[in-house]
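Atoms within each ligand, like the ligands themselves, are counted from 1 in listed order. As the structure is a computational prediction, the values presented were derived from the model and not from experiment.
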Amino acid sequence: MYRIFILFCVSFCFLSCVNSNPSNVHDEIDKSAIIDSAMVVSAHPLASEIGKSILKKGGNAIDAAIAVQFALAVVHPSAGNIGGGGFMVIRLNKGDCYTLDFREKAPSTAHRDMYLNDDGTIVKRLSLDGSLAVGVPGTVDGMCKAHQKFGSLSWGELIQPSIELAQNGFPLTQLEADGLNYFVNSKLKFNSIEPSFIVKDNWLKGDSIYLHDLANTLYLIKAKRRAGFYEGEIALKITQEMERSSGVITSEDLQNYESIWREPLIGYYKNYKIISMGPPSSGGACLLQMLKMLEPFDLNQMGLHSYKSIHCIAEAEKRAFADRSKYMGDPDFIDVPLTQLLDSMYLKHRMSNYSSIMATLSDSIFPGNFNFKESDQTTHYSIVDTYGNAVSVTTTLNSSYGSGVVVGSAGFLLNNEMDDFSSKPGQPNLYGLIGGEANSIQPNKRMLSSMTPTILEKNGQLFMVVGTPGGSTIITGVLQTILNVIEYDLSIQDAVSIGRFHHQWRPDEIKIESNKFDSLVIQQLKQMGHSFKSVNSMNRVDAIVISEGLLEGGADPRGDDSCSGF
Ligand code: GLY
């Protein structure tokens, strides 16, 4: 039986009564859907709806992904972007796979010690706040490359809905209103020219926001494609912004930016094929390592969220993150030993000091250092079209609202992705984490990522499209969502909604969502030697499972995430 959940009626209602500050904007967002043709799951109902409209017109999943990417830049400015970067994983209906790297790059004048004082100490927040934190954006080039290779609708058709949204305004959800208030209080000070969309200092749910500068920027991208961003008016506005606010991105950096089609990273877990993103993301490699380390264990028999399964998964997570710290970085600059890291004998050996009754101290897992501080504002969308093509995209500005810099009179935020490099290899960063040489800063190098857009096949058929924001917790969030479905037979909505935990080797603690786990289980894990840090929420997973000809969407209840399909 087909169950169809109708979404967005509330959103549409309030699109027609802007400025009215209604109390129930998007309250009725339905998180799950089971349909039989095509689906988009993204971080915002308006973006999901635009993606669906593209699919309904006969567009394919790549067309819809491009439209959703531009829509998120409008309606979800904390992470959706044209001033950032990301990764796209594609599986066409015949099974061919492609991965696109549109990750940001270090500017050509960037150098290893650019965030250090004369005495060699790290300048607090220099890699996070303001123009010096910005990597050369990759999103627009990435969308152009994806469209060139796979687009079926016209480029203009994919951007036009976002131009209209930015121009005509749209009502804010509670989360977006809170986010913008955070932006004004914490990030506005990094701007050399106050963005024109700042009309008041306290947005409320239901207020409308108008992004005229951004609409103009999107119009230029629509008219001139790549050149509308990396050359001409917008490129000039970016370099002028850099000059005003001590950034170092030049017009040559912009002109020279290229996204790259890379070999998909492929691995196996039981009878599932995992297609994910390779370096410069660590996400796919760590995910495959964790799954292979876990394969010999009977997680199902241990039980969902039991102390035995949490312990076992956390131990595999620690070991993968330890490897990440030493071996992973931009493959155009360093040799990432992927063959060895993914070798099944090697991964079996990695678990040879695993104890089922005691936590292995992180110190005794690897004598190296942990090397990445990452924040958790990124966004993910999963799409399946009517033809059976699937796309999984994770994209980011790095932390919430990125560097905080809105390009003067161009209306879009710039990333602070430079902080994903190791500012000082071998030394603890602001958060007590230690950086690795493989991820040190070099001109034009891509900073290591944890983004893990992933597609699964079961018995040769498309089975799951999955991904999430969440910095380093991205990898473990994707891992647990996959295991929740494969090992514990949860529906995709339950798999997405249920509590998550995360171990990243350093610090030696399990990050856990508060009030989502049995206190007795936590007690047992503490007795085994695990330490805990509670957080309010982790990740916003957006996923689709394909089973018996139906598409089942799971949108994370932790955000405004929504499913839309037909
Ligand atoms: N900025 C988060 C990541 O790329 O992992």
Side-chain angles (χ1 to χ4, degrees), residues 43 69 72 76-81 83-89 99-106 115 125 127-129 133-139 142 259-260 262 265 276-287 317 320-321 324-325 328-331 336 370-381 392-404 413-423 429-431 433 435-436 438-439 441 445-454 466-479 502 504-505 511 538-541:
Q69 178 71 38
L72 287 170
H76 187 46
S78 62
N81 66 81
F87 299 100
M88 179 181 288
V89 176
T99 55
L100 180 60
D101 163 3
F102 54 99
R103 180 71 161 164
E104 301 92 324
K105 288 170 70 166
Y115 300 115
R125 296 197 66 84
S127 62
L128 281 165
D129 298 330
V134 183
V136 183
T139 295
S259 48
I260 301 174
R262 296 195 186 269
L265 199 59
S276 195
M277 193 68 220
S281 185
S282 65
C286 287
L287 175 69
E317 291 175 353
F321 271 99
R324 179 194 196 275
S325 74
M328 296 186 205
D330 183 347
V336 183
F370 184 82
N371 69 334
F372 306 97
K373 177 244 157 256
E374 288 175 306
S375 63
D376 57 6
Q377 268 304 333
T378 297
T379 188
H380 176 85
Y381 45 96
S392 181
V393 179
T394 313
T395 178
T396 187
L397 289 168
N398 194 24
S399 62
S400 203
Y401 300 93
S403 62
L413 278 148
L414 290 167
N415 68 82
N416 57 355
E417 221 70 61
M418 290 298 284
D419 195 62
D420 271 351
F421 279 119
S422 309
S423 289
N429 69 7
L430 281 177
Y431 295 81
L433 304 176
N439 191 34
I441 304 170
K445 187 177 177 183
R446 282 159 152 88
M447 53 298 282
L448 188 60
S449 170
S450 293
M451 291 188 270
T452 317
T454 298
V466 60
T468 179
S472 53
T473 71
I474 289 173
I475 306 169
T476 54
V478 170
L479 171 76
H502 167 80
Q504 60 178 38
W505 180 54
K511 217 188 232 191
M538 240 187 279
N539 310 121
R540 289 178 189 177
V541 179

Taking 4.0 Å as the limit for heavy-atom contacts, which would you say applies to [X] with ligand 1: side chain only, backbone only, both, or neither?
| X | result |
| --- | --- |
| Arg103 | side chain |
| Asp420 | side chain |
| Glu417 | side chain |

Considering distance alone, does some N or O of Thr378 sit under 3.5 Å from an N or O of ligand 1?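 No, there is no polar N/O contact under 3.5 Å.
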Numbered atoms of ligand 1 (with element) below 4.0 Å of Ser450, judged on heavy atoms: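 Atoms satisfying the 4.0 Å criterion: 3 (C), 4 (O), 5 (O).
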Could you tell me, atom by atom, which parts of ligand 1 come under 4.0 Å of a heavy atom of Met451? 4 (O), 5 (O)
Check against side chain to side chain contact (heavy atoms under 4.5 Å, CB included), Arg446 and Ile260: CA-CA 11 Å; Arg446 282 159 152 88; Ile260 301 174; 3.7 Å; yes
Yes or no on side chain to side chain contact (heavy atoms under 4.5 Å, CB included) for Thr396 and Arg103, after CA distance, side-chain angles and deciding distance? CA-CA 9 Å; Thr396 187; Arg103 180 71 161 164; 3.9 Å; yes
Using every non-hydrogen atom in the two residues, find where Ser423 and Tyr115 come nearest and quote the distance to one decimal. OG-CD1, 3.8 Å
Donor on one side chain, acceptor on other, Gln504 and Ser472, under 3.5 Å: yes
Go through the steps to decide whether Val541 and Val466 satisfy the test side chain to side chain contact (heavy atoms under 4.5 Å, CB included), and finish with yes or no. CA-CA 7 Å; Val541 179; Val466 60; 3.9 Å; yes
